[in-house]
Q: 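Sharing a structure here in structure tokens format.
By convention in this document, chain letters (A, B, ...) are assigned in the order of the sequence lines, proteins followed by strands, and residues within each chain are numbered from 1. Please read all numbers here as calculations on a predicted model, not as lab measurements.
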Amino acid sequence: MARFSRLFFRRYTPTVARELLGAILVRVLDGTTLSGRIVETEAYRGSDDPASHAYRGMTKRTEVMFGEPGKAYVYFTYGNHYCLNVTSERKGEAGATLIRALAPLEGLEEMQRRRGVENVRDVANGPGKLTKAMGIDGSLNGEDLVTSKRLYLVRGERPSSVGVSTRIGLSVAKATEWRFFVDGDEFVSHYRTHNYRKRAAP
DNA sequence: GTTCCGATTTTCT
DNA sequence: GAAAATCGGAACA
């Protein structure tokens with residue numbers, strides 16, 4: 001189970017976001033291991049990306065987006081949900097990939113319990129859903145995914161076909177196609193309404 | 001099946 | 001004071 005190196009994350013964010021498809025997100029919680037295959041991501045950058053939290057410069061919240069690549073950026077939104085991102089670009093340059101959906105692997109029953117749903121498809125097919133399923137909250141903001149024992153990423157089989165679309169839930173930069181997903185995967189969110197557009201080369 | 005709407009609180013202006 | 005990288009339930013078809 002090989003992890004990604006720091007250098008993997010120290011690159012152009014849309015590239016990192018696309019190459020994270022197929023990787024396994026692992027959460028170790030109270031001795032239990034929860035994991036899932038990443039099937040949907042979105043890229044956010046800095047001063048050239050109006051949709052990014054980092055667009056107007058560094059604030060307390062966006063500090064980690066400007067820091068060392070390969071760390072967890074966890075933020076709270078809509079008064080209810082946490083979202084998990086992985087930082088990228090070199091130190092000083094803002095960048096993060098939002099993990100939007102997982103295909104559950106290990107610890108499915110525990111994740112179903114945490115989510116309060118039976119249907120496997122509904123366990124982690126959204127950014128707020130997967131953090132709840134895996135017990136990820138603000139205490140993991142800044143966690144180093146390259147070295148952490150409680151939250152990390154391992155390499156997985158890359159999908160043969162990758163879909164591309166605009167990002168979801170934005171009021172600005174609506175035309176930028178920085179959402180990536182495993183083409184045809186049942187665990188991708190908004191699978192009927194946003195799985196359109198051209199496909200990127202594998 | 002799709003569309004619409006309210007919840008709830010942090011963050012930044 | 002407004003908006004928010006969302007979710008789930010209700011209504012409708």
Q: Starting from the C-alpha separation in whole Å, work towards a yes-or-no answer on side chain to side chain donor-acceptor pair (under 3.5 Å) for A/Thr87 and A/Glu68.
A: CA-CA 7 Å; A/Thr87 63; A/Glu68 196 81 24; over 6 Å; no
Q: Starting at atom CZ of A/Arg61, determine the distance to atom P of B/dT9, rounded to an integer number of angstrom.
A: 17 Å
Q: Ring-on-base stacking between A/Tyr44 and C/dA5, under 5.5 Å between centres and under 30° between planes: is it there?
A: yes
Q: Is any side-chain N or O of A/His53 closer than 4.0 Å to OP1 or OP2 of C/dA5?
A: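 For A/His53, the contact criterion (side-chain N or O under 4.0 Å from OP1 or OP2 of C/dA5) is met.
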Q: Calculate the interatomic distance between A/His190 atom NE2 and B/dT2 atom P; express it in whole Å.
A: 12 Å
Q: Side chains of A/Arg179 and A/Ser165: is there a donor and an acceptor less than 3.5 Å apart?
A: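 Indeed, the side chains of A/Arg179 and A/Ser165 share at least one donor-acceptor pair under 3.5 Å.
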Q: Which nucleotide sits closest to the side chain of A/Arg115: C/dG8, C/dA5, B/dC12?
A: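 Output: C/dG8.
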Q: Quick one: the side chain of A/Tyr78 and the base of B/dA7, do they pair up donor-acceptor inside 3.5 Å?
A: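 Flag unset: no donor-acceptor pair detected.
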Q: Quick check for you: among C/dA4, C/dA5, B/dC12, whose closest atom lies nearest to any side-chain atom of A/Ser171?
A: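 Output: C/dA4.
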Q: Roughly, in whole Å, what's the span from CD1 in A/Ile168 to C1' in C/dA5?
A: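 In whole Å, C/dA5 C1' and A/Ile168 CD1 are 10 Å from each other.
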Q: Side chains of A/Thr97 and A/Thr41: do they bring a donor and an acceptor to under 3.5 Å?
A: no
Q: Among B/dC12, C/dA5, B/dA7, which is the nearest nucleotide to the side chain of A/Tyr75?
A: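 Closest nucleotide among those given: C/dA5.
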Q: Of all the nucleotides listed (C/dT6, C/dA5, B/dT8), which has the minimum atom distance to the side chain of A/His81?
A: C/dT6
Q: Separation of A/Met65 atom CE from B/dC12 atom P, in whole Å?
A: 12 Å
Q: When you measure from the side-chain N and O atoms of A/Thr77 to the phosphate of C/dA5, is any distance below 4.0 Å, counting only OP1 and OP2?
A: no
Q: Among B/dC12, B/dA7, C/dC7, find the nucleotide with the atom closest to the side chain of A/Thr59.
A: B/dC12
Q: Atom OH of A/Tyr82 to atom C1' of B/dT9: distance rounded to whole Å?
A: 10 Å
Q: Out of B/dC12, C/dC7, C/dT6, which has the shortest distance to the side chain of A/Lys129?
A: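 Looking only at heavy atoms from C-beta outward on A/Lys129, the closest nucleotide is C/dC7.
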Q: Does the structure place the NZ or CZ of A/Arg167 under 6.0 Å from the centre of the six-membered ring of A/Tyr44, at an angle of no more than 45° from the ring's axis?
A: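 Yes, A/Arg167 lies over the aromatic ring of A/Tyr44.
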Q: Reckon A/Phe76 touches a base, only the sugar-phosphate, or nothing at all at heavy-atom distances under 4.0 Å?
A: sugar-phosphate
Q: In whole Å, I'd like the distance from the CZ atom of A/Arg179 to the C1' atom of C/dT6.
A: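 The answer, rounded to whole Å, is 14 Å.
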Q: Hey, is A/Arg113 close enough to A/Glu109 for a salt bridge, meaning N to O under 4.0 Å?
A: no
Q: Taking the six-membered ring of A/Phe9 as reference, does the NZ or CZ atom of A/Arg6 fall below 6.0 Å from its centre and within a 45° cone about the axis?
A: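 No, A/Arg6 does not lie over the aromatic ring of A/Phe9.
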Q: Between C/dA5, C/dC7, B/dT8, which nucleotide gets closest to the side-chain atoms of A/Ser52?
A: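 The answer is C/dA5.
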Q: Once you apply a heavy-atom cut-off of 4.0 Å, does A/Leu170 come out as touching a base, just sugar-phosphate, or nothing?
A: sugar-phosphate
Q: In whole Å, what is the span from the CG atom of A/Asp122 to the P atom of C/dT6?
A: 17 Å
Q: Identify, between A/Val172 and A/Lys132, the residue whose nearest nucleotide on DNA chain C lies closer to the 5' end.
A: A/Val172
Q: Could you give the NZ-to-P distance, from A/Lys174 to C/dA5, as a whole number of Å?
A: 13 Å
Q: What does B/dT3 pair with, Watson-Crick or G-U, if both distances are under 3.5 Å?
A: C/dA10
Q: Determine which nucleotide pairs with B/dT8, using a 3.5 Å limit on both distances of a Watson-Crick or G-U wobble pair.
A: none
